[in-house]
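Predicted model, so just to flag it, every value in this text is computed and none were measured. Side chains are part of it too, since the values below use all heavy atoms of this structure and drop only hydrogens, waters and symmetry mates.
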Amino acid sequence: VDNIVGATTAANVKLPAGAVVQVQKVGHSGNTNTTGSSYVDTGLTGSITPKFSNSLILITVSANVSTAGANSQENAVRLYRSAPTTATIQEIQRAMLLYGASGGDHQGTYHAGVTMFDTPATTSTCTYKWQHKVINGGGNIRHNDYAVSGVPTNQARMILMEISQ
């Protein structure tokens with residue numbers, strides 16, 4: 001074949017349902033924490049530009065979360081789409097509760113693993129963020145806190161996969 005006849009673009013390629021179109025992966029090793037009651041970014045952020053407007057985006061997050069603080073501390077984490085439109089994709093409220101006598105300082109660490117899908121119905125770049133907040137009780141919530149004894153020092157990770165429909 002010396003010449004390719006006709007142009008093939010993503011718009012006119014037909015893939016079978018369930019085919020992986022593309023994969024994006026990001027890691028984040030920075031330590032962030034908050035004592036605030038509103039969601040803030042942890043720094044784990046990933047973007048993907050769907051090739052098809054009807055694609056499903058499969059998102060997997062793996063992160064170490066630590067907490068420290070006063071009696072009855074409650075916290076939350078969420079996977080949030082910040083562009084092109086905003087949406088909470090998954091939210092975990094009260095993932096770890098710290099209770100103790102006399103309002104003492106308590107620490108805890110857990111692994112937050114989330115696998116969720118999104119159907120953004122666009123071919124514009126979609127940006128996903130891992131966020132956290134303290135619900136009540138004082139103290140803080142930490143992302144990738146290497147200072148807490150026993151916390152693994154591996155990066156938080158996010159994988160974004162476009163799946164054809």
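Using a 4.5 Å heavy-atom threshold, the side chains of Y128 and L79 count as touching. Counting only heavy atoms from C-beta outward, the side chains of I141 and V65 approach each other to under 4.5 Å. With a 4.5 Å cut-off on side-chain heavy atoms, I159 and V23 count as touching. Between V20 and I163 there is a side-chain heavy-atom pair separated by less than 4.5 Å. In this structure, the side chains of H132 and N75 stay at 4.5 Å or more apart for every pair of heavy atoms. You'll find the side chain of F52 reaches within 4.5 Å of the side chain of V21, heavy atoms only. Side-chain contact check for R81 versus D118: some heavy-atom pair is nearer than 4.5 Å. Within the 4.5 Å cutoff, the side chain of W130 has heavy atoms near those of the V77 side chain.
Hydrophobic clustering (side-chain heavy atoms under 4.5 Å, transitive across Ile, Leu, Val, Met, Phe, Trp, Tyr) groups V26 together with V114. Transitive grouping of hydrophobic side chains (ILVMFWY, heavy atoms separated by less than 4.5 Å) keeps V40 and I135 in distinct clusters.
Between the side chains of N144 and R142, not a single donor N or O lies within less than 3.5 Å of an accepting N or O. Counted by atom type alone, T49 and T125 present one or more donor-acceptor pairs between their side chains at under 3.5 Å. With 3.5 Å as the limit, one finds a donor-acceptor pair spanning the side chains of E91 and Y39. Under the 3.5 Å distance criterion, with hydrogens and angles disregarded, a donor-acceptor pair is assigned to the side chains of S47 and T127. There is no side-chain donor-acceptor pair under 3.5 Å between Y80 and D41.
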Residues M158, T60; criterion side chain to side chain contact (heavy atoms under 4.5 Å, CB included); working and verdict = CA-CA 6 Å; M158 181 184 295; T60 302; over 6 Å; no
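Shortest non-hydrogen contact noted between C126 and T122 is SG-CG2, 3.7 Å. Residues N33 and N140 come closest through the heavy atom pair OD1-ND2, 4.3 Å. The two residues S164 and S55 have their closest heavy-atom pair at CA-OG, 4.4 Å. Residues S82 and K129 share a closest heavy-atom pair of OG-CE, 3.4 Å. N54 and Q165 make their closest contact through O-CG, 3.1 Å (heavy atoms, listed as atom of the first residue, atom of the second, distance). The shortest heavy-atom contact between G27 and L44 is C-CD1, 4.3 Å.
The distance from the OG atom of S29 to the CG atom of N31 is 10.0 Å, given to the nearest 0.5 Å. With rounding to the nearest 0.5 Å, the separation of CD in Q24 from CD1 in I57 is 10.0 Å.
Residues satisfying the salt bridge (Lys or Arg N to Asp or Glu O under 4.0 Å) criterion with R78, sequence neighbours excluded, are absent altogether.
Between the Q22 side chain and the I48 main chain, no donor and acceptor come within less than 3.5 Å of each other. Proximity of a side-chain donor or acceptor of T32 to a complementary backbone N or O of T42 within less than 3.5 Å is detected. No donor-acceptor pair under 3.5 Å is formed between the side chain of E162 and the backbone N or O of L56.
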